[in-house]
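Notes to accompany the following structure.
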Amino acid sequence: MPSFRAPRGTRDLLAAERSAFARLEAIARDLAGRYGYREIETPLFEQGAVFERGIGEVTDVVEKELFRIAPRTEEGESWALRPEATAGMVRAYLQHGMHVLPPPVKLALSGPMFRYDRPQAGRYRQFWQWDVEAIGDGGPAIDAEIVELGARFYREAGLPDVEILLNSIGDPVCRPAYIDVLRAHFQKEEAALPPTERRRLETNPLRLLDSKDPAMADLIATAPRLVDHLCDPCDEHFASVRRHLDGLGVGYRVEPALVRGLDYYTRTAFEFYRRGAEGQQQALGGGGRYDGLIELLGGRPTPGIGFALGLDRVVLALEALGGPPATTPASLVVVVGADPAATLERLRIATLLRADGIHARADLAVRKLGRQLEGASRDGAHFAVIVGDELAAGDVQLRDLEAGTQRPIALDDLARELKRATASHHHGVGGRG
Ligand code: HAM
């Protein structure tokens, strides 16, 4: 038994899974380009206050799930690993004066996030998000553009059955009055509330709507709905977002209990689910508008909207559908030799081929030619280059392992011939005429 294991809630992405992630990252990068988002990176950790102020002190993410880093010195700053990307991206937007750029400033980021969550399938302590943010446009058209972008990502990734849940959670004008009404609704049954929910009644009543505690189901079902208490501007905004989505042909379901787990949201809020899996607290992605966040982090009042899609959950969903499309490994060439000890010649030729862009491996074991060829076949190599006495005259043997044919070829022609043969998928290399 090995003595060390990856920390609980984290996992190693081994080659097959890493390549499934890489495929999603490539789709995300391509989409970001098409939709005009420029990729940035921010540090994996920030001053804790960026998250406390940005995400909200009384959210699960900050209260329970923040990985705090112990200061190294007396005067040390208090840092935390990023639990999400938005707060750090807005911090970067402000730090680098991006408000002078023509709005909206469209930024994308993909990378690992950290939350001290209770680990289970699809819920990790280190997980990967693809995040986009459009800062400086109050919507509503861009809200629809962003939701459509998220939906397109899932389709291109190979998940056709993703449902969009949409809501408006109002703004500082209409939300306070609604929260009073909501609190009154739950207060009627205060004695029956589970302890955590009773505490939420004081600290963050909106989150009561998000409770997955079965004891809360009836109270949530009968709760007053935020969409019925929106102020006129929020109501119009929400109607217009829906009109734009309808006009784009993007299907969605209005979900009045959708409130999101982070405090910075205003107005538009949305989540993506696999159809039929809406109740399982396993959103594939989510996002919304955050018109107060830039000001909270020290900027001038500036609207913004974005989403983050959880890549781990997309990979899991693809696996449940029978696995993400296998990435076919580039066809491999293995350089073998008649002289078991002549490893330098084999390595030198593989190096030349690699410099020419060819996927080549040299058999570096001191073993008989037959063994080397067996190894090449086991690796799924299409071609073997056999180095022998002809090398003195500048020739090698090119063997087509699938066709079982072989012919001599000048070393100078080798790369060109291999590229031609692998590109045109011609299996024969002319050994039988
Ligand atoms: P979020 O809903 O907290 O939003 O996370 C977005 C997505 O990240 C989730 O829907 C889920 O797929 C994935 N995710 C979250 N926690 C975990 C976890 N422990 N394990 C695996 N996957 C997880 C945000 O993070 C916002 N920053 C989104 C946003 C961007 N809003 C505006 N701009």
Side-chain angles (χ1 to χ4, degrees), residues 8-11 13 21 24 28 37 42 46 50-51 54-56 59-62 64-67 81-91 93 104-135 137 139 142-143 146-147 149-150 153-154 157 159 162-165 167 169 207 210 258-274 277-278 280-294 296-297 303-318:
R8 197 165 119 77
T10 73
R11 67 213 195 285
L13 302 181
F21 271 76
L24 295 182
Y37 288 82
T42 64
E46 299 269 356
V50 170
F51 307 122
I55 296 168
T59 54
D60 282 355
V61 169
V62 168
K64 301 186 196 153
E65 297 168 6
L66 212 52
F67 272 96
L81 297 183
R82 65 182 185 194
E84 56 108 52
T86 312
M89 290 167 85
V90 167
R91 193 267 312 136
Y93 167 92
V105 175
K106 292 164 115 180
L107 305 173
L109 182 151
S110 93
M113 309 293 154
F114 306 86
R115 295 185 193 179
Y116 196 75
D117 232 328
R118 196 149 42 83
Q120 51 184 276
R123 189 171 293 282
Y124 307 106
R125 291 181 173 170
Q126 174 174 345
F127 58 96
W128 277 260
Q129 286 186 342
W130 176 46
D131 185 293
V132 306
E133 308 293 349
I135 303 174
D137 183 335
I142 195 155
D143 303 34
I146 288 227
V147 171
L149 168 58
F153 172 83
Y154 296 114
L159 287 183
V162 170
E163 182 152 47
I164 302 168
L165 304 191
N167 196 19
I169 57 168
R207 299 288 303 150
D210 210 27
L258 177 78
V259 288
R260 307 280 299 134
L262 314 164
D263 275 356
Y264 49 61
Y265 290 111
T266 52
R267 295 189 165 177
T268 310
F270 54 91
E271 281 176 350
F272 300 95
Y273 284 88
R274 287 187 68 193
E278 294 90 341
Q280 296 172 11
Q281 234 191 345
Q282 290 265 345
L284 292 172
R289 180 160 281 291
Y290 46 83
D291 292 347
L293 177 59
I294 286 100
L296 266 180
L297 294 182
I305 182 166
F307 65 58
L309 312 187
L311 299 185
D312 308 71
R313 291 185 187 171
V314 176
V315 169
L316 281 175
L318 288 168

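Numbering of ligands and ligand atoms starts at 1, following listing order. What you are looking at is a predicted structure, and each value in this text was computed from that prediction instead of being measured. In this chain, residues are counted from 1 in sequence order.
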Quiz prompt | Pair Asp312 + Arg11, salt bridge at N-O below 4.0 Å | solution = yes
Exercise. Identify the protein heavy atom lying closest to atom 32 (C) of ligand 1, giving its residue, its atom name and the separation to 0.1 Å.
Key: Gly306 O, 3.2 Å
Quiz item: Any sub-3.5 Å donor-acceptor pair from Arg82's side-chain atoms to Pro112's backbone N or O?
Solution: yes
Self-check item: Region of Ile305 engaging ligand 1 - heavy atom pairs below 4.0 Å
Solution: neither
Self-check item: Nearest-contact summary for atom 5 (O) of ligand 1 - protein heavy atom, Å
Solution: Gln129 NE2, 3.2 Å
Quiz prompt | Side chains of Asp143 and Thr268, donor plus acceptor under 3.5 Å | solution = yes
Quiz item: Can an N or O of Gly285 be found at a distance shorter than 3.5 Å from an N or O of ligand 1?
Solution: yes
Quiz item: Nearest protein heavy atom to atom 24 (C) of ligand 1, by residue and atom, and its distance?
Solution: Leu262 CD1, 3.6 Å
Quiz item: Do Glu133 and Thr86 get their side chains close enough for a donor-acceptor pair, meaning under 3.5 Å?
Solution: yes
Quiz item: Residues in side-chain contact (heavy atoms from CB on, under 4.5 Å) with Pro104, at least two apart?
Solution: Lys106, Ala134, Asp137, Ile142
Quiz item: For Arg260 and ligand 1, does the shortest N/O to N/O distance drop below 3.5 Å?
Solution: yes
Exercise. Quick one: look at Gln282 and ligand 1, take heavy-atom pairs under 4.0 Å, and tell me if it's side chain, backbone, both or neither.
Key: neither
Practice problem: Indicate yes or no for a side-chain donor-acceptor contact from Tyr154 to the backbone of Phe272 under 3.5 Å, with no hydrogens or angles considered. | Solution: no
Quiz prompt | Salt-bridge contact Arg91-Glu46 (side-chain N to carboxylate O under 4.0 Å) | solution = yes
Quiz item: In terms of atom number and element, which parts of ligand 1 are under 4.0 angstrom from non-hydrogen atoms of Leu284?
Solution: 10 (O), 12 (O)
Exercise. Flag Glu84 as yes when one of its N or O atoms lies below 3.5 Å from any N or O atom of ligand 1, and as no otherwise.
Key: yes
Self-check item: Of the listed options Tyr124, Phe127, Phe270, closest to atom 17 (C) of ligand 1 (non-hydrogen atoms)
Solution: Phe127
Quiz prompt | Proximity to ligand 1 by part of Arg125, non-hydrogen separation under 4.0 Å | solution = neither
Practice problem: From atom 21 (C) of ligand 1, work out which of Ala283, Ala85, Gly122 has a heavy atom at the shortest distance. | Solution: Gly122
Quiz prompt | Ala308 N/O under 3.5 Å from ligand 1 N/O | solution = no
Self-check item: Any Trp128 heavy atom less than 4.0 Å to ligand 1
Solution: no
Exercise. Using a strict 4.0 Å threshold on nitrogen-to-oxygen distance, state whether Arg115 and Glu84 make a salt bridge.
Key: no
Self-check item: Pairwise side-chain contact, Leu165 with Asn167, heavy-atom cut-off 4.5 Å (strictly under)
Solution: no
Self-check item: Distance from atom 3 (O) of ligand 1 to nearest protein heavy atom, with residue and atom
Solution: Arg115 NH2, 2.9 Å
Quiz item: Can you find a side-chain donor-acceptor pair between Thr10 and Tyr124 that sits under 3.5 Å?
Solution: no
Quiz item: Is the backbone N or O of Gly139 less than 3.5 Å from a side-chain atom of Arg267, with the two atoms forming a donor-acceptor pair by type?
Solution: no
Quiz item: Under 3.5 Å, N or O to N or O, is Asp117 touching ligand 1 that way?
Solution: yes
Quiz prompt | ligand 1 contacted by Tyr265 (non-hydrogen, < 4.0 Å) | solution = yes
Practice problem: Would you verify whether the NZ or CZ of Arg125 falls within 45 degrees of the ring axis of Tyr116 while also being under 6.0 Å from that six-membered ring's centre? | Solution: yes
Quiz prompt | From Tyr273, Tyr290, Tyr264, Tyr116 - option closest to atom 26 (C) of ligand 1 by heavy atom | solution = Tyr264
Quiz item: Can you check whether Asp312 has an N/O within less than 3.5 Å of an N/O in ligand 1?
Solution: no
Exercise. Check each atom of ligand 1 against the heavy atoms of Arg123 and keep those under 4.0 Å away; list them by number with element.
Key: 19 (N), 20 (N)
Exercise. List the closest protein heavy-atom neighbour of atom 13 (C) of ligand 1: residue, atom name, distance to the nearest 0.1 Å.
Key: Gly310 CA, 3.7 Å
Exercise. List in chain and number order the residues that pass side-chain hydrogen bond (donor to acceptor under 3.5 Å, both in side chains) with Thr266, two or more places apart in sequence or in another chain; answer none if no residue qualifies.
Key: none
